[in-house]
Amino acid sequence: MFRSHTCGELKMADVNKDVTLAGWVQTVRKFGSITFVDLRDRYGITQLLFNESLNEVLDKNPLGREFVLQVTGTVSERSSKNANIATGDIEIAVNSFTILNKSITPPFTIQDDTDGGDELRMKYRFLDLRRNAIKKNLALRYAVGRSTRNYLHENNFMDIETPFLIKSTPEGARDFVVPSRMNAGQFYALPQSPQTFKQLLMVSGYDRYYQIVKCFRDEDLRADRQPEFTQIDCEMSFVEQEDILQMFEGLVRRIFKDVKDIDYTEVIERMTWMNAMWTYGNDKPDIRFGMKLCNLKFPSHTFPAQTDIADLINRADFKVFDEAETVVAIAVPGCANYTRKQTDELTEWVKRPQIGMKGLVFLKCNEDGTFKSSVDKFYTEDKLKAIAAAANAIAGDLVLIVAGAEEKTRKAASDLRMHMGTTLGLRRAEDFKLLWVLDFPLFEYAEEDNRWVARHHPFTSPKPSDIDTMISNDPSIHNPTEYLKHPYANIKANAYDMVLNGNEIGGGSIRIFQKELQQKMFAALGMSEEEQQHKFGFLLGAFEYGAPPHGGLAFGFDRLCAILGGSESIRDFIAFPKNNSGRDVMIDAPSTIDEKQFEELQIRLDLK
RNA sequence: GGGUUGGUAGUUCAGUUGGUUAGAAUGCUGCCCUGUCACGGCAGAGGUCGCGGGUUCGAGUCCCGUCCAGCCCGCCA
């Protein structure tokens, strides 16, 4: 045995015990003839005391940071204690030591507040992983995984592995492809999700399946997106939407309890997609704070159930509003005293290409009951008051108004709302609020191909009440400019997303389980019968042998961990992540391969 | 594909209006130090200012291009 104890467990009760520890040298503090060494391992840090007699040996064998050291000694009470670490009451009076391995000087400090930048930390990830900050994140990830497995196991779910070398599918994200040597000229694809396999398992009767599984998508990356990521993938048979929502509310509550010791007992709010877009301009709203959208003007077809209040702003000779398709306001609490500089900064913020607005109208609701706006010359004080009232602004609020094309403006209003929420400190990392978004549209219109694409995926079932509409109508779009009038535009999906603090953490749907409806779906997406057979013949075939009604969902495991850990970026919740360009800078992948490998694959490289 | 911010010592950064020998902190090396725990003190080493081109008497600084990294938009069924 290299050690009798870890570096995190010795306490006052262990005083006078003879122990052997092994770990890495965190710091060396020399005081003439005595030396303190902090020894670190996965469990903590223990202070070692090298006394006068050992110091001479130490001088001949000097220790450096990250040396691997084994020491034997006696646990003793410290004369001055350190309340900051768990073992701070004791130290080890070292009798003998062995340097198990040396280390060259690390390129950055192995500390909570390391001096290393992201790029360097990624290149030396094996050193970065020694840091507490990352260790804590990986421990949290492990805890989320354990909690998930326990809950699903207790609820009769069975973990079944599905293959990674599968078939490329046309819909959805770009596939990562793998050439087949034994089938020259043919390629596997890595799964974007185990979707069809878990549906086949339902056909096979494994009525509660789960897997914590890697998925692969060859798309551009973000702080919260990696080319390979992990999903908690679940599927259930003989269920309706409500059964699934309840089962996985239970899972999330269990995770909150196990991992964060939070009793999330409150009712999880539910909102239709239409309502989310109307109220927040966003299909994954952060509902921890207000600042709801006030729709001053909107195209009649987008929200048919809503009352038009455009008269409030129209025909005031203010061209921006008169000509805009959509005008949306938000009331920012307590910001009426914003200076010209601050409002100018907000204007610049919405004019950035990422937001793309032409400008920003603001209306200050002063504490004294007066109003001051950037459109004073177009609107009377009474009108301004009415607009402020419509936006639910009270004295002291700053009303921000954006105008333009529907989708862009709604998104800008949502982005502005989130921006102000962050600015005002209303988005605290340790406050958690869950939300279900329901009734997504089943289809989206793809202008470039003049056809429908599945908003979720092509296996999603329409709402039961919309099945008839789907079957009895021709999906083809004869008049592209009026696609919104096509019956398919209004079909709602039996799909649901779980949203946490403005992040989509999971999503799923009740699936189509009848062959005919699935074929209708494929046809609606512009797939010929031959294509359907070629790409999904196995699924259609399986549906002929008694497929049960089923549905499921998948959680984004990395993202869920990051949010629970209070981070926007998922990278530090993944042991070996990739950078923005999909590179692993530690192992330097991707990389070129040998000519011999190309020969075996019968592939010739001909880069454009 | 686009926007934006950055690239200067091992590391994290500062660097004025274009002007003498490019600085700080930290890390590293050496010496001193018996109670530190961000130990302290003294001394020292350490730089192709990402790369290429241009403007200029003179460029870390200005211009053009390019590469790399971070964040965002598009994209992500």
Side-chain angles (χ1 to χ4, degrees), chain A residues 26-40 45-52 55 59 62 64-66 76-85 87-88 91 93 104-124 127 169-175 191-193 195-196 215-227 229 348-349 351-356 407-408 411-412 415 418-419 440 442-444 446 452-460 493 495 504 507-509 521-522 525 554 556 559 568-569 571 579-581 583 585:
Chain A
Q26 175 80 26
T27 54
V28 178
R29 294 184 295 276
K30 199 180 172 200
F31 290 83
S33 56
I34 67 164
T35 301
F36 295 107
V37 171
D38 285 343
L39 195 68
R40 184 197 68 240
I45 284 179
T46 299
Q47 177 167 288
L48 312 176
L49 171 63
F50 291 76
N51 61 18
E52 286 176 60
N55 234 2
D59 280 342
R65 282 164 53 205
E66 303 307 314
S76 357
E77 183 173 2
R78 290 200 199 182
S79 55
S80 68
K81 298 180 178 173
N82 182 352
N84 295 323
I85 60 172
T87 63
E91 65 195 0
I104 58 173
T105 304
F108 52 87
T109 56
I110 314 293
Q111 291 167 2
D112 289 2
D113 53 340
T114 181
D115 62 4
D118 287 347
E119 205 178 343
L120 202 64
R121 286 175 42 217
M122 288 308 156
K123 186 170 178 189
Y124 296 92
L127 295 178
T169 52
E171 296 273 329
R174 222 171 268 120
D175 284 318
Q192 298 175 26
S193 95
Q195 183 61 35
T196 50
C215 302
F216 306 85
R217 290 176 193 174
D218 186 8
E219 295 293 343
D220 285 4
L221 307 177
R222 290 281 190 287
D224 65 347
R225 276 183 357 213
Q226 287 271 301
F229 58 101
E348 287 311 307
W349 193 85
K351 282 166 87 172
R352 289 180 313 142
Q354 284 90 333
I355 308 288
E407 270 186 53
K408 195 172 184 177
K411 184 177 182 312
D415 289 346
M418 295 289 266
H419 177 67
F440 284 82
L442 185 63
F443 296 106
E444 265 174 5
W452 301 107
V453 293
R455 191 187 165 91
H456 185 50
H457 58 50
F459 316 105
T460 299
E504 181 195 330
S509 59
M521 170 58 95
F522 288 145
L525 303 177
R559 195 176 292 175
E568 296 278 314
S569 169
R571 288 189 197 154
N579 76 3
N580 246 6
S581 326
R583 297 203 68 84
V585 293

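Each chain gets a letter, A, B and so on, in the order its sequence line appears, and its residues count up from 1.
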Could you measure between the two [atom1] atoms, the one in [N] and the one in [M], and give it in whole Å?
| N | M | atom1 | result |
| --- | --- | --- | --- |
| rG65(B) | rU21(B) | P | 32 Å |
| rG15(B) | rG7(B) | P | 10 Å |
| rG47(B) | rG2(B) | P | 38 Å |
| rG6(B) | rC49(B) | C1' | 14 Å |
| rU61(B) | rG40(B) | P | 37 Å |
| rU66(B) | rC13(B) | C1' | 25 Å |

Identify the pairs formed between an N or O of the protein and an N or O of nucleotides 66-70 of chain B at a distance under 3.5 Å, and give each distance.
from	atom 1	to	atom 2	distance (Å)
rA69(B)	OP1	N579(A)	ND2	2.9
rA69(B)	OP2	S581(A)	OG	3.1
rG70(B)	OP1	R571(A)	NH1	3.3
rG70(B)	OP1	N580(A)	N	3.4
rG70(B)	OP2	N580(A)	N	3.2

Scan [X] against the nucleic acid and name what it touches under 4.0 Å (heavy atoms): base, sugar-phosphate only, or nothing.
| X | value |
| --- | --- |
| K123(A) | nothing |
| P458(A) | base |
| E91(A) | base |
| L120(A) | sugar-phosphate |
| T105(A) | sugar-phosphate |
| F108(A) | nothing |

Rounding to a whole Å, what distance do you find between [X]:[atom1] and [N]:[atom2]?
| X | N | atom1 | atom2 | answer |
| --- | --- | --- | --- | --- |
| Q111(A) | rU11(B) | CD | P | 17 Å |
| D38(A) | rG35(B) | CG | C1' | 13 Å |
| R352(A) | rC73(B) | CZ | P | 9 Å |
| R225(A) | rC73(B) | CZ | C1' | 10 Å |
| E348(A) | rU5(B) | CD | P | 12 Å |
| R29(A) | rG27(B) | CZ | P | 13 Å |

Query raised in the report: Between L221(A) and F36(A), who's closer to the 5' end of RNA chain B by nearest nucleotide?
Result: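 By nearest-heavy-atom nucleotide position, the 5'-most residue is F36(A).
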Query raised in the report: Of R559(A) and R78(A), whose closest RNA chain B nucleotide lies nearer the 5' terminus?
Result: R78(A)
Report task. Measure from the side-chain heavy atoms of E219(A) and tell me the nearest of rG35(B), rC76(B), rC39(B). Result -> rC76(B)
Report summary line: Of the candidates rG1(B), rC39(B), rC72(B), the side chain of F31(A) sits closest to rC39(B)
**Report entry** Any donor-acceptor N/O pair, D175(A) side chain to T169(A) backbone, under 3.5 Å
**Finding:** yes
**Report entry** salt_bridge(D220(A), R225(A)) N-O dist < 4.0 Å
**Finding:**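 Answer for the salt bridge query: no.
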Requested in this report: Answer yes or no: is there an ion pair linking R40(A) with E66(A), defined by an N-O contact shorter than 4.0 Å?
Outcome: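 The answer is yes: the pair qualifies as a salt bridge.
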Query raised in the report: How are the rings of F459(A) and F522(A) set to each other: parallel, tilted or perpendicular (split at 30° and 60°)?
Result: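 Geometry flag for F522(A) against F459(A): perpendicular rings.
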Requested in this report: Go along nucleotides 40-51 of chain B 5' to 3' and tag each nucleotide: B for a protein heavy atom under 4.0 Å from its base, S when only backbone or sugar atoms are that close, - otherwise.
Outcome: ------------
